[in-house]
Amino acid sequence: MRRYVIAGNWKMNMTPNSAKALIEEMKPLVAGKDNCDVVLCVPAIDIPAAIEATAGSNIKIGAENVHFKASGAYTGEISADMLVEAGVEYVVIGHSERRQYFAETDQTVNLRTLAALNAGLKAIVCVGETLEQRELGYTETLLKFQTKMALTNVTAEQMKNVIIAYEPVWAIGTGVTATADQADEGNGYVRAAVAEMFGDEIAEATVVQYGGSMNDKNAAELLSKPNVDGGLIGGASLVAAKFAAIVDAAQ
Ligand code: PGA
């Protein structure tokens, strides 16, 4: 009943021209792979080029952040309406790099999620524990807390536009992937939190991705787990063949 969502997160990589070139390389490799949604979340400046390059293809474009206010004196920020008008369908919210380097909090993650959903965007909300939190035994507590904070005041109806990405901080960009069982367990905690807030039916319908050093080699095993409904992929989404192989693994 849940559909896989394979989403790339390019982070601060790719100029508009290189974005275009990478998408042209990816398009034929992922064409017709209809058993999953294929998304590329790209730097804001790359969005027009990415929208143009993906026109008529099965690749959807996402942003990597959105501000929570509709407009105003927020220098450097981008509103949900701006993204929508540019043709963006998805947006990553609360990535651990934003939490770590840009003072993102559970409150601002919640406000950004509400702004995205109210504008009709699909929100890819990121949660995840640090190694220290895991070693202290707080993984379940932390994941449930972050999930519930992020989804505060989200309506049951809006939950169909929410994707949650479980990304253990210790696995992001490190080459250390969570084992498939750890990913399944973490995603399970996230789903349980959704169930506690919205009930079992919505929890069962909610897409929960895994992210953190997912690649062409480990994707099939991770995606074989019952609670893993897709991936949020950083490094491997910058290489067409690797990203396409992950899309293949979701078929
Ligand atoms: P990674 O990044 O695949 O490079 O570990 C994942 C992410 O940060 O979303």
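Because only heavy atoms are used, hydrogens play no part in the values below, and waters and symmetry mates are left out as well, while side chains stay in. We count ligands from 1, going down the list as the structure has it; atoms in each ligand are counted the same way.
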His67, Glu104, Gln107 screened by side-chain hydrogen bond (donor to acceptor under 3.5 Å, both in side chains) with Arg112, the one that passes: Glu104
Pairwise side-chain contact, Glu52 with Lys20, heavy-atom cut-off 4.5 Å (strictly under): yes
Side-chain donor-acceptor contact under 3.5 Å, Tyr166 with Gln146: no
Pairing residues for Gln100 by the side chain to side chain contact (heavy atoms under 4.5 Å, CB included) criterion, not counting sequence neighbours: none
Please tabulate, for the side chains in residues 76-83, all donor-acceptor contacts under 3.5 angstrom to protein atoms that are two or more places apart in sequence or on a different chain.
{"residue": "Ser79", "atom": "OG", "partner": "Met82", "partner atom": "N", "Å": "3.2"}

Close-range residues for ligand 1, whose non-hydrogen atoms fall below the 4.0 Å threshold: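 Lining ligand 1 at under 4.0 Å, by heavy atoms, one finds Asn9, Lys11, His95, Glu167, Ala171, Ile172, Gly173, Gly212, Ser213, Leu232, Ile233, Gly234, Gly235.
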Residues clustered with Val176, ILVMFWY side-chain links under 4.5 angstrom: Leu131, Trp170
